[in-house]
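All residue numbers refer to positions in the sequence shown, counting from 1.
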Amino acid sequence: MLFATAVFAPAAFAQDMTRFELEEREQVEEDTTEVDWMNDTTGTDTIEYHAVDLVYDVEKETFNLNNNAQLKYRTATLDADTIWFDQRNSVLVAGGGPILRETKNPSLSGMRLKYNMKSRIGEIYYATTYQDNQQLNGMEVRRLPDQRIQIARGDFSTCNDFTHQHFFFYGRRMVVKPKETITARPVVLNIADVPVAVLPMIVAPLKSGRKSGLLTPKFGGDQVQGYYLRNLGFYYAPNDYWDATISGDIIEGDEARFERSTLTGLVRYNKRYMLDGNLKYTAYLNEFDFSNSGYDITFSHNQNLTPDRKHTLSGTGSFVSDQSVRKDNALDAETILNQQANASLTYSGKFGTNKSLTVKASQDHNLVTGFIRRQLPDIRFNMSGPLFDFETGDDEVAAADGSFFSYLKKLNYSFSNHFNYEMEEGRDTTLDMDTTAKYVGYTGTYSLDYSGSLFNVINITPRATWSGFWTGQSWINPEDSSKYWKRRTSLDPEHNTYGEFAYNHNYSLTADTKLYGIWVPEIGRFTGLRHILSPSVSYTYAPEIDTVKYFAPHPHLGQSPYQREQQTVGFSLGNDLDLKYLKVVGHRPDSAKGDTSKAVEDQYGNRRLLTTRHSVSYNFAADSLNFSDISSTFGLQILPDYLFTITTRHSMYHKYSMEPNKVRFPELTYWGYDFSRSFHWSGTFNAGLPSQMGKYEMRKWSLGLSYRYSFSSTRVGKDLFQDNISHSTSITASFQPTVNWEVSYSTQYDYNEGKFVTHKFTFNRTLHCWQLDFTWTPTGPAAGWSFALYVRDLPDIKLNAGSTETK
């Protein structure tokens, strides 16, 4: 074998592949650290070549490398049967199956290679290259100076079965940029060597990530929608912080009037630690008539206004053109069932350690009733904490002595403010009258309390509360019966009317403690029983206030301008019964007997067996019905991590008796409970097929069960109760019958209706480089079926079919 070296300065051999345009563009200055094997003119240009036979023509300045020729330059190696180089014209030609290998780029092989080092243009005939399960073939491949590769009469596929590709795209003209994109026009999709679709152009990504380009349309049809062309549009990603998509769905419809076509625009943005969100606009084009079409706008926004995240701006919601736009035009169940178009935008700020401010603008729109409520704005400011905050110093010593400062430290305050301006729009369909109303008002509440103790056993908490109210409305005729009262706006500074003001105040004293009873029998693993008794007594005084008869309260600010006299004593009692048991028996090794095992300490567990809460109050100032209802809750821990709770209410007064104001033995007026539980199991099962290692194949399975039972019963007559029951069970299951098949099923059974209200079957099949998905929904608001067959590495390339029925 001969060996020789030569030094010369060749031009660059461009290797990367790029976008769709075939015309040349202005060359962008490149980073020399990322150039290809012949694009770096720095340093010594040394070519190392090997061959069995070398022929050099001095007069023509050419040399031939024959029989196992190899040429090395920088990071690239060219192997071929024959390599011919013309130094005078700077032309390099390789034949006999040349293979070009480079460090940073995929290998390239063909039948013949030609490269002009002056024009920096190279050609490869019948070329093939592989990269990340992507294969490119072309009858003629040309590398251009601007880092593009043109392929004439070539094909592209992501199928890694190189002996027989399951699909490929064939195009007369293709432009490729390795690890970036491939663009071809026109293009034919072939499945198993059978052409199935022709597209005027295709732009497919060759790497993961966001990249601008045309969306891949989806074709299909069924009896309800007719023929459709979906996802027709463009995706734009200018940088790493935001992107935009505009797409359209052209749907023929069951009457062939294109009454359900849509146009959708979506903008998304995200900057880490600062903000993220999106804005989506969907226009439902009725027969492509924009003037007779509806819209649905949704948005979401989250933003940290300061680096410490104490000041934030967040919002979410949707707006619609009319009440029935989703029901009449949407095709998916989630959109059809969403009959609320609510929106809100909220600023939240924290100041110091005990102050917070919230400013909110919101709209609630019920698409069923048409009722709209707008709050523009709703402002809340709260602050709380110790009334006196002494600095660390000599006062701490005095506090330990029970001095005056120790009592001041136990004084706490809270101050809440709430301002709201609200507009309501709606219509009472029963009375056929407009119920549009506007409310404006403010509520401020200040409370002061003291946290002390009596004999270090009983907790004493005295509290004083003052509330002030303002409203921009007044009653026109407060002397009439309340059912004839009418509101009027009394906020009119031009006529010296500034609304109505009111206030109230109340005072309370609460004493509570806890009593413990412990039994330690040490019987087997049962090691103890603890009973906790939590009694509490309170007294509340509120004077009678009835000075602002014209005050029309804001319905959502808790305003109470009229206050009845109150002298109420309240009682509450809590019972908790806890069980202590030995979970793990400890072990200490006996070294004398040669026991070298590790020591294990005893581990104990606690379980709450029973818990109850009861409360009742008596108002001495009331002229009748002095006792309140007796409210009780009973909790029983039937499972280790689940507490079953029953709620009851009893009344001292029998409402449906001949003497409803007479105190009697407590009568049950309400009781109810709610039980819900979810379980999930998963594992593997024996498929019955031995693997190569002699073991049996194991397939995955999972099963989920969710059960809910809600019951409540309210007394509506002397011996009559009205029951309300919600009872349902949901089941989800999935398993792999074979290696490539996965089947899942979900259903919900409503016991009240006595039937299954939803079913959904999903079948997934892996077909090497393809994925098959079939979904069937027999019942529900979007019953139907859908079929999708797509390339796993290119999920936007799909064959779709489906049927959807809206109910």
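Side chains of Y421 and K438 form a contact here, defined as non-hydrogen atoms less than 4.5 Å apart. With a 4.5 Å cut-off on side-chain heavy atoms, D364 and F371 do not count as touching. A 4.5 Å side-chain heavy-atom check between N606 and R608 finds every atom pair outside the cut-off. Contact annotation: the side chain of M423 approaches that of L376 to within less than 4.5 Å [non-hydrogen atoms, C-beta and beyond]. Annotation: side chain of T346 is in contact with side chain of T358 (closest heavy-atom distance under 4.5 Å). A 4.5 Å side-chain heavy-atom check between V267 and F299 finds every atom pair outside the cut-off. Taking 4.5 Å as the limit, some side-chain heavy atom of Y498 sits within range of a side-chain heavy atom of N496. Counting only heavy atoms from C-beta outward, the side chains of L411 and F388 approach each other to under 4.5 Å.
Taking CG of L387 as the start and OG of S414 as the end, the distance is 11.0 Å to the nearest 0.5 Å. Between the CG atom of N278 and the OH atom of Y269 there is a distance of 7.0 Å, given to the nearest 0.5 Å. We find the CG-CG distance between L636 and L643 to be 7.5 Å, quoted to the nearest 0.5 Å. The structure places OH of Y281 at 12.0 Å from OG1 of T298, a figure rounded to the nearest 0.5 Å. Distance CG/N575 to CG/L610: 7.5 Å, rounded to 0.5 Å. We find the OG-CD distance between S362 and E422 to be 8.0 Å, quoted to the nearest 0.5 Å.
Closest of all the heavy-atom pairs between S746 and T732 is CB-CG2, 3.9 Å. Between N302 and S314 the shortest heavy-atom distance is OD1-CB, 3.5 Å. Contact detail for Y241 and N239: the closest heavy-atom pair is N-OD1, 2.8 Å. A pairwise comparison of heavy atoms in A542 and N506 identifies CB-CB, 3.8 Å as the closest pair. Nearest heavy atom pair, residue A511 against residue I460, reads CB-CD1, 3.7 Å. The two residues S730 and Q748 come nearest to each other via the heavy atoms OG-CG, 3.6 Å.
A salt bridge does not link D276 to K271: none of the charged nitrogens lies less than 4.0 Å from a carboxylate oxygen. Between R374 and E425, at least one side-chain N (NZ, or NE/NH1/NH2) sits under 4.0 Å from a carboxylate O, which counts as a salt bridge. Residues D578 and K580 are not paired through a salt bridge, judged by the lack of any N-O separation under 4.0 Å between the basic side chain and the carboxylate. Taking 4.0 Å as the cut-off between side-chain N and carboxylate O, K410 and D449 do not count as a salt-bridged pair. Using a 4.0 Å cut-off between a side-chain N of Lys or Arg and a carboxylate O of Asp or Glu, R708 and D674 qualify as a salt bridge.
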Could you give me the CA-CA distance, side-chain angles and deciding distance for F351 and H311, then say whether ring pair (Phe, Tyr, Trp, His ring centres under 6.0 Å) is met?
-> CA-CA 9 Å; F351 305 88; H311 299 269; 5.0 Å; yes
Requested in this report: Let me see the working for H365 and Q363 under side-chain hydrogen bond (donor to acceptor under 3.5 Å, both in side chains), right down to the final yes or no.
Outcome: CA-CA 6 Å; H365 187 184; Q363 172 179 289; 4.7 Å; no
If you apply the rule side-chain contact (heavy atoms from CB on, under 4.5 Å), what do you find for V440 with W470, and how did you get there? CA-CA 9 Å; V440 59; W470 171 79; 3.9 Å; yes
- Test log, rule side-chain contact (heavy atoms from CB on, under 4.5 Å), inputs L367 and V320: CA-CA 9 Å; L367 302 183; V320 295; 3.6 Å; yes
Note to self: Run S682 and S702 through side-chain hydrogen bond (donor to acceptor under 3.5 Å, both in side chains) and show every step you take.
What the structure shows: CA-CA 4 Å; S682 62; S702 66; over 6 Å; no
* **T471 and F551: CA distance, side-chain angles, deciding distance, side-chain contact (heavy atoms from CB on, under 4.5 Å) verdict** => CA-CA 7 Å; T471 180; F551 189 98; 3.5 Å; yes
*Under the side-chain hydrogen bond (donor to acceptor under 3.5 Å, both in side chains) criterion, do D576 and T611 qualify, and how do the steps go?*
CA-CA 4 Å; D576 296 304; T611 179; 2.6 Å; yes
Q) When you look at I297 and K280, which way does the side-chain contact (heavy atoms from CB on, under 4.5 Å) test go after all the steps? A) CA-CA 6 Å; I297 302 174; K280 182 179 180 180; over 6 Å; no
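In this structure, a donor-acceptor pair under 3.5 Å is present between the side chains of S628 and S617. Inspection of the Q473 and T489 side chains reveals no N or O donor paired with an N or O acceptor under 3.5 Å. For the residue pair Y273 / N304, no side-chain donor-acceptor distance below 3.5 Å is found, with atom types taken as modelled. The closest side-chain donor-acceptor pair between S490 and S474 falls under 3.5 angstrom.
When the options L357, T312, I379 are evaluated for a side chain to side chain contact (heavy atoms under 4.5 Å, CB included) with Y347, the one that passes is L357. The only option from K360, H554, R380 that meets the side chain to side chain donor-acceptor pair (under 3.5 Å) definition with N420 turns out to be H554.
With sequence neighbours excluded, the residues forming a ring pair (Phe, Tyr, Trp, His ring centres under 6.0 Å) with Y709 are Y673, H727, listed by chain and number. In this structure Y516 satisfies the side-chain contact (heavy atoms from CB on, under 4.5 Å) test together with K514, R530, I532, sequence neighbours excluded.
Distance alone, capped at 3.5 Å, is enough to place a donor-acceptor pair between the Q563 side chain and the P543 backbone. Side chain of N504 to main chain of S560: a donor-acceptor pair is present (N/O by atom type, distance under 3.5 Å, no hydrogens or angles). Judged purely by atom type and a 3.5 angstrom limit, T443 uses its side chain to pair as donor or acceptor with the backbone of L557.
Below 30°, between 30° and 60°, or above 60°: for H556 and Y439 the angle between ring planes is above 60°, a perpendicular geometry.
Taking the six-membered ring for Trp and the full ring otherwise, Y236 and W242 have centroids separated by under 6.0 Å. H505 has its ring centre less than 6.0 Å from the ring centre of Y507. For Y642 and F675, the ring centers sit closer than 6.0 Å to each other.
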